[in-house]
Undergrad: 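Structure provided below as structure tokens; questions to follow.
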Amino acid sequence: MDSNRGQNGIQLLLAAEQEAQHIVNAARNSKMARLKQAKEEAEKDIAEFRAHMEAEFQRKVAESSGDSGANVKRLEQETEAKIHHLEIEAARISHDVVHMLLKHVTTVKN
């Protein structure tokens with residue numbers, strides 16, 4: 001009878017160990033599933049954030065390149081105006097400059 005009781009105790013211990021192993025395996029599988037789900041959600045959030053930042057970057061590039069075209073046009077207009085002003089000034093004083101040069105070239109000093 002004592003051997004039966006001992007045998008039953010061992011069987012109970014083995015059954016409890018198997019049940020504990022099943023519980024541990026279920027917990028491990030559940031944890032792995034939660035980690036996988038968290039990783040997928042994080043990757044989705046990262047992809048959304050990356051897309052948002054890329055769209056923002058493209059918008060800023062478009063804005064700055066649009067301004068760049070306007071700046072180039074403005075600078076070209078300013079340059080043309082300055083060139084025109086210099087041509088007018090050169091035409092206005094060129095006669096005086098020619099006379100001054102001729103005077104210095106033709107004057108003989110002792």
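Values below: every heavy atom of this structure, side chains too, minus hydrogens, waters and symmetry copies.
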Undergrad: Please round to the nearest 0.5 Å and tell me the distance separating atom NZ of Lys103 and atom OG1 of Thr106.
TA: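 The NZ atom of Lys103 sits 9.0 Å away from the OG1 atom of Thr106.
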Undergrad: Out of curiosity, Ile83 CD1 to Glu76 CD, how far, rounded to the nearest 0.5 Å?
TA: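 Separation between the atoms: 10.5 Å.
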Undergrad: When you look at His52 and Glu48, which way does the side chain to side chain contact (heavy atoms under 4.5 Å, CB included) test go after all the steps?
TA: CA-CA 6 Å; His52 172 74; Glu48 288 175 2; over 6 Å; no
Undergrad: What distance do Asn8 atom CG and Leu13 atom CG have between them, rounded to the nearest 0.5 Å?
TA: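 Interatomic distance, Asn8 CG to Leu13 CG, rounded to 0.5 Å: 11.0 Å.
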Undergrad: For Glu43, I'd like to know if atom CD has over 12 heavy atoms of other residues, nucleotides or ligands within 6.0 Å.
TA: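 Yes, because the 6.0 Å sphere around CD of Glu43 holds more than 12 heavy atoms from other groups.
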Undergrad: Name the orientation class of the two ring planes belonging to His99 and His95 (parallel below 30°, tilted from 30 to 60°, perpendicular beyond 60°).
TA: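 Correct class here is perpendicular.
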Undergrad: Could Arg74 and Glu78 be called an ion pair, given the rule that one side-chain N must be under 4.0 Å from one carboxylate O?
TA: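 Glu78 and Arg74: salt-bridged.
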Undergrad: Quick one: does Gln58's side chain get under 4.5 Å of Glu54's, heavy atoms only?
TA: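 Touching, per the 4.5 Å side-chain cut-off.
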Undergrad: Donor-acceptor check, side chain of Ser30 to backbone of Ala26, threshold 3.5 angstrom: yes or no?
TA: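 Not at all, since once roles are kept as given, no pair shorter than 3.5 Å links the two residues.
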Undergrad: How long is the gap from CZ on Arg28 to CD1 on Ile23, to the nearest 0.5 Å?
TA: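 With rounding to 0.5 Å, CZ (Arg28) is 13.0 Å from CD1 (Ile23).
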Undergrad: Working to the nearest 0.5 angstrom, can you tell me the gap between Leu12 CG and Gln7 CD?
TA: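 Leu12 atom CG to Gln7 atom CD measures 11.0 Å (nearest 0.5 Å).
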Undergrad: Could I get the full list of ring pair (Phe, Tyr, Trp, His ring centres under 6.0 Å) partners for His84, not counting sequence neighbours?
TA: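 So His84 forms no ring pair (Phe, Tyr, Trp, His ring centres under 6.0 Å) with any residue.
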Undergrad: Pick one: which of Glu41, Glu40, Lys39 meets side chain to side chain donor-acceptor pair (under 3.5 Å) with Gln37?
TA: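 Testing each of Glu41, Glu40, Lys39 against Gln37, the sole residue satisfying side chain to side chain donor-acceptor pair (under 3.5 Å) is Glu41.
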Undergrad: Report yes or no: do Glu17 and Gln21 form a side-chain donor-acceptor pair below 3.5 Å?
TA: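 Short answer, no.
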Undergrad: Nearest 0.5 Å please: distance from the CG atom of Leu101 over to the CG atom of Asp96.
TA: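 Here the interatomic distance stands at 11.0 Å.
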Undergrad: Only counting residues at least two apart or in another chain, list the ones meeting salt bridge (charged side-chain N to carboxylate O under 4.0 Å, His left out) with Glu89.
TA: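 Glu89 satisfies salt bridge (charged side-chain N to carboxylate O under 4.0 Å, His left out) with Arg92 only.
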Undergrad: Restricting to side-chain hydrogen bond (donor to acceptor under 3.5 Å, both in side chains), what partner residues turn up for Glu56, sequence neighbours left out?
TA: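 Testing Glu56 for side-chain hydrogen bond (donor to acceptor under 3.5 Å, both in side chains), a comparison that skips the adjacent residues, returns Arg59.
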